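To start, the structure itself, in structure tokens.
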There are 2 protein chains.
Amino acid sequence: MRRLEGMADPGELQATRDEGLHDLGWALGAVLRTWLKATSHAVDDLPGGPRGYQVLSMATGGPCRTQAAMAERIGVDRTVMTHLIDDLEAAGLVERRPDPSDRRARRVELTPRGRSRYAELASRIDDVERAVLSGLDDASVGELRDLLLRAASALDDQPIDACDVAMEFQLDR
Amino acid sequence: MRRLEGMADPGELQATRDEGLHDLGWALGAVLRTWLKATSHAVDDLPGGPRGYQVLSMATGGPCRTQAAMAERIGVDRTVMTHLIDDLEAAGLVERRPDPSDRRARRVELTPRGRSRYAELASRIDDVERAVLSGLDDASVGELRDLLLRAASALDDQPIDACDVAMEFQLDR
DNA sequence: TATTGTTATACTCTATAACTATA
DNA sequence: TATAGTTATAGAGTATAACAATA
């Protein structure tokens with residue numbers, strides 16, 4: 001039941017690798033908290049803050065075009081997404097358009113103004129993210145990003161059902 | 001301004017490495033959300049849920065022994081930490097003891113019951129974390145954990161001031 | 001019958017302010 | 001004067017329920 005003390009030395013981290021994933025949740029939280037704080041400032045007056053930025057990002061392309069798909073991707077309730085898009089639309093950055101393949105759904109599309117705003121913010125966010133990960137060298141930053149994207153994408157494809165995992169324990173013991 | 005489409009193919013990820021850190025925030029959020037959902041079930045009736053578990057974890061050792069230090073480490077307000085420890089103490093898992101080096105502060109220590117409860121939960125959490133990262137092979141899981149711990153520890157040592165980063169932009173442009 | 005999106009409402013969670021004790 | 005901890009309160013954020021339209 002040994003714990004990390006200094007925690008900054010890669011050698012020490014290495015030594016505990018086989019004992020478990022200790023502090024994975026803490027590390028995820030610490031990095032994400034910093035990301036949120038830093039990006040909040042970087043997007044300053046954008047409606048919705050970092051979340052508004054993520055909506056703009058999804059609206060530039062990718063598989064998530066409708067409100068429901070966007071909401072699920074960034075982990076917010078569909079009612080929250082409604083307000084988020086209300087605000088972005090009021091700011092003239094996005095528009096709701098009917099989805100030709102499903103008349104219940106709405107496609108969220110960038111206005112020209114939204115497109116240029118996104119380009120500007122994307123550059124800022126990139127700088128912020130590099131600052132957040134400034135404790136790592138460039139190669140490590142790339143590796144971390146790839147690993148996170150692979151892990152997150154796998155969850156997207158095959159979501160972990162918390163109940164299933166809980167069941168496994170009970171079978172194990 | 002190219003965006004990822006499929007997003008699951010490492011080759012494609014590689015190709016965009018030099019173009020920016022796109023979707024780093026999304027990936028962090030997606031993995032952490034799953035971690036929270038899964039660990040919430042794994043600790044079921046523990047007061048405070050995953051956060052309560054993190055408090056127990058800190059109380060087993062490491063540099064954060066007082067409420068203030070613990071609160072800062074896991075990113076909650078000190079008032080929240082008060083309630084968190086109230087509940088854990090009521091459940092007989094931790095005790096507040098005077099800090100010999102600072103009579104304002106309180107050291108949070110595990111009771112024998114808290115110690116055995118933690119040992120049990122730590123094993124579950126470890127299984128859950130492996131399930132959350134089941135999209136990666138074992139070697140990648142270890143790499144991801146090390147990189148996250150290094151990034152988070154660096155933030156701990158030298159916190160990124162969001163305002164400073166924001167200032168840099170204004171100087172750059 | 002299930003899903004998309006909207007609205008209004010209720011709830012949870014978090015931060016704020018004020019206070020005591022100590023540094 | 002600043003910090004650790006507690007308490008009560010106010011505020012922000014979130015989920016819930018009900019609804020209309022469509023699948």
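Values reported hereafter were calculated over all heavy atoms of this structure, with side chains retained and with hydrogens, waters and symmetry mates removed. Residue numbering restarts at 1 for every chain, and letters A, B, ... go by the order of the sequence lines. Only a predicted model underlies this, so the values are computations on that prediction, with no experimental measurement involved.
Ionic pairing of D23(B) and R150(A) is not present here: no N-O contact between side-chain nitrogen and carboxylate oxygen is shorter than 4.0 angstrom. A salt bridge links D44(A) to R124(A): one of the charged nitrogens lies within less than 4.0 Å of a carboxylate oxygen. A salt bridge is absent between R130(A) and D137(A): the closest approach of a Lys/Arg side-chain nitrogen to an acidic carboxylate oxygen does not fall below 4.0 angstrom. Electrostatic pairing of R96(A) and D86(A) counts as a salt bridge here, judged by a charged N lying under 4.0 Å from a carboxylate O.
Within 4.0 Å of R107(A), counting heavy atoms only, lies no atom of the nucleic acid at all.
Taking atom CZ on R106(A) and atom P on dT22(D), their separation rounds to 10 Å, with Å as the unit. Atoms CD (Q67(A)) and C1' (dA21(D)) sit 14 Å apart, rounded to a whole Å. D86(A) has its CG atom 14 Å from the C1' atom of dA8(C), to the nearest Å. The nearest whole Å value for the distance from the CD1 atom in I85(B) to the C1' atom in dG5(D) is 10 Å. dG5(C) atom P lies 12 Å from atom CD of E72(A), rounded to whole Å. Between L84(A) atom CG and dT6(C) atom C1' the separation is 15 Å, expressed in whole Å. The CE-C1' distance, from M81(A) to dT4(C), rounds to 13 Å in whole Å.
No donor-acceptor pair closer than 3.5 Å links the side chain of D87(A) to the backbone N or O of P47(A). In this structure a side-chain-to-backbone donor-acceptor pair under 3.5 Å is missing from S57(B) to Y53(B). Using modelled atom types, one side-chain atom of D126(A) and one backbone atom of L21(B) make a donor-acceptor pair closer than 3.5 Å. Although no hydrogens or angles enter the test, the distance criterion places no donor-acceptor pair under 3.5 Å between the side chain of T39(B) and the main chain of A42(B).
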(request) Produce a footprint string for nucleotides 9-18 of chain D: one letter per nucleotide, 5' end first; B if the base is under 4.0 Å from any protein heavy atom, S if only the sugar-phosphate is, - if neither. (result) -----SBBBB

Under-3.5 Å N/O pairs linking protein and nucleotides 21-23 of chain C:
unit_1  : atom_1 : unit_2  : atom_2 : d
dA23(C) : OP1    : R103(B) : N      : 3.0

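Using a 4.5 Å heavy-atom threshold, the side chains of L93(B) and R115(B) count as separate.
End-to-end axis angle of the helix from dT1(C)-dA23(D) to dA23(C)-dT1(D), from C1' rotation axes over five pairs per end: 20° (rounded to 10 degrees).
Remark: E89(A) CD is packed, more than 12 non-hydrogen atoms of other residues, nucleotides or ligands lying under 6.0 Å away.
Closest approach of M70(B) and C64(B) over heavy atoms only: CE-O, 3.6 Å.
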